[in-house]
Amino acid sequence: MSGVVLLIIRILAAGTLFLFLGWMVWLIWQDIRRESLSLTNINQPTISLITKSDDGELSRKFQYKEILIGRDAICDLRLEDQTISARHAKLTFRQGQWWLEDLQSKNGTLLNLSVISTPVVVTTDDKIQCGQVEILIQLNADSFMRE
């Protein structure tokens with residue numbers, strides 16, 4: 001008789017273990033689904049770039065994750081200045097912040113009067129200098145919001 005009772009206890013313990021494991025897998029699956037939905041609902045980053053040159057001041061707002069700066073027609077921020085390369089610099093939104101990168105331009109890219117050689121993080125009121133054109137950065141608060 002004790003062999004039958006022991007078998008029933010083992011079956012109940014195994015069943016309880018499988019129910020527990022199934023419940024844990026279901027909870028992890030729900031968490032992954034919720035996280036993937038929240039990642040798809042990230043707002044597009046917004047950034048305003050105010051260009052100052054001999055021609056005057058111009059403000060443009062962008063909602064891209066990558067902004068190409070230069071004289072080329074494909075550039076998002078097209079600047080008509082002979083001191084600027086065709087594809088001079090790039091602003092990229094990654095890891096929740098904006099990064100500035102020089103694209104091996106002839107005259108270099110400066111951030112707050114310092115020459116940059118590797119990608120650097122930019123913030124509000126930073127000044128980028130491409131050739132003789134100065135670009136003021138204004139980050140909008142919704143650039144960093146997540147739902």
Side-chain angles (χ1 to χ4, degrees), residues 7 9-147:
L7 178 64
I9 291 173
R10 285 183 180 173
I11 291 173
L12 288 174
T16 304
L17 179 62
F18 282 118
L19 283 174
F20 176 75
L21 290 175
W23 179 57
M24 293 306 294
V25 167
W26 182 80
L27 285 176
I28 291 170
W29 173 255
Q30 292 298 315
D31 191 43
I32 290 171
R33 259 186 66 208
R34 192 175 16 238
E35 185 65 26
S36 68
L37 287 174
S38 73
L39 287 176
T40 58
N41 290 332
I42 293 176
N43 292 338
Q44 284 289 341
T46 56
I47 185 171
S48 296
L49 301 177
I50 303 163
T51 57
K52 296 178 183 178
S53 63
D54 296 336
D55 299 335
E57 187 173 295
L58 177 66
S59 178
R60 293 202 43 207
K61 187 175 184 178
F62 295 94
Q63 286 191 309
Y64 310 131
K65 290 188 177 187
E66 187 172 286
I67 301 166
L68 194 59
I69 301 169
R71 283 186 298 130
D72 200 345
I74 67 161
C75 291
D76 302 302
L77 181 61
R78 192 164 181 234
L79 303 171
E80 295 295 331
D81 190 309
Q82 294 304 316
T83 61
I84 295 176
S85 300
R87 294 183 187 145
H88 196 97
K90 176 173 64 170
L91 283 164
T92 309
F93 187 77
R94 63 179 188 265
Q95 300 169 346
Q97 49 196 352
W98 284 98
W99 294 75
L100 173 66
E101 178 181 357
D102 181 63
L103 299 177
Q104 299 177 348
S105 60
K106 184 178 179 182
N107 293 323
T109 302
L110 283 75
L111 177 65
N112 299 325
L113 301 177
S114 298
V115 176
I116 63 166
S117 56
T118 59
V120 293
V121 175
V122 296
T123 60
T124 296
D125 294 331
D126 276 348
K127 292 180 183 170
I128 301 171
Q129 189 165 344
C130 298
Q132 295 179 358
V133 177
E134 188 177 281
I135 304 166
L136 179 67
I137 296 175
Q138 293 295 313
L139 301 180
N140 300 332
D142 60 345
S143 293
F144 309 102
M145 289 177 42
R146 294 178 182 226
E147 289 188 307

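Just so we're clear, the structure is a prediction, and the values are computed from it rather than from any experiment.
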| query | Which residue, Lys90, Arg78, Arg87, forms the salt bridge (Lys or Arg N to Asp or Glu O under 4.0 Å) with Asp72? | reply | Arg87

| task | May I ask you to check whether over 12 heavy atoms, not counting those of Leu113, lie within 6.0 Å of atom CG? | result | no

| message | Side chains of Arg71 and Gln82, heavy atoms from C-beta outward: is any pair under 4.5 Å? | response | yes

| Heavy-atom neighbours of Gln138 CD exceed 12 at 6.0 Å | yes

| task | Check whether any side-chain N or O of His88 sits under 3.5 Å from a backbone N or O of Gly108 as a donor-acceptor pair, and report yes or no. | result | yes

| query | Would you find a donor on one side and an acceptor on the other, under 3.5 Å apart, between the side chain of Asp76 and the backbone of Leu68? | reply | yes

| task | Starting at OG1 of Thr16, measure out to CD1 of Ile11 and round the result to the nearest 0.5 Å. | result | 11.5 Å

| field | Contact summary for Ser59 and Ile50, nearest pair of heavy atoms | value | OG-CG1, 3.8 Å

| field | Heavy-atom side-chain contact between Pro119 and Thr92 under 4.5 Å | value | no

| field | SG on Cys130 to CG on Leu110, rounded to 0.5 Å | value | 8.5 Å

| request: Return the minimal non-hydrogen interatomic distance between Trp98 and Tyr64, and the atom names on each side. | output: CH2-O, 3.1 Å

| Counting only N and O atoms by type, is there a donor-acceptor contact under 3.5 Å from the side chain of Gln104 to the main-chain atoms of Lys106? | no

| Hey, what do you get for CD (Glu80) to OG1 (Thr51), rounding to the nearest 0.5 Å? | 11.5 Å

| request: Side-chain contact test, heavy atoms from C-beta onward, threshold under 4.5 Å: evaluate it for Asp31 versus Leu27 and give yes or no. | output: no

| For the atom pair CH2 (Trp23) and CZ (Phe20), what is the distance rounded to the nearest 0.5 Å? | 6.5 Å

| said: Test side chain to side chain contact (heavy atoms under 4.5 Å, CB included) on Ser85 and Leu103; report intermediate values, then the result. | reply: CA-CA 9 Å; Ser85 300; Leu103 299 177; over 6 Å; no

| Nearest heavy-atom pair of Asp102 and Ile116: which atoms, and what distance? | N-CD1, 3.8 Å

| request: First locate atom CD of Gln132, then atom CG of Asp81, and finally report the distance between them rounded to the nearest 0.5 Å. | output: 5.5 Å

| said: I need the minimum non-hydrogen distance between Leu139 and Val122, along with the two atoms involved. | reply: CD1-O, 4.0 Å

| field | Arg60 (side chain) donor-acceptor with Leu49 (main chain) under 3.5 angstrom | value | no

| remark: Taken to the nearest 0.5 Å, the spacing of Ile69 CD1 from Leu100 CG works out to 6.5 Å

| note | Correct closest heavy-atom pair for Ala89 and Thr109 would be CB-OG1, 3.9 Å

| query | Under 3.5 Å, side chain of Asn112 to main-chain N/O of Lys127, donor-acceptor pair present? | reply | yes

| Any sub-3.5 Å donor-acceptor pair from Asp126's side-chain atoms to Ile137's backbone N or O? | no

| request: Could you please spell out the steps behind the side chain to side chain contact (heavy atoms under 4.5 Å, CB included) verdict for Leu91 and Leu77? | output: CA-CA 10 Å; Leu91 283 164; Leu77 181 61; over 6 Å; no

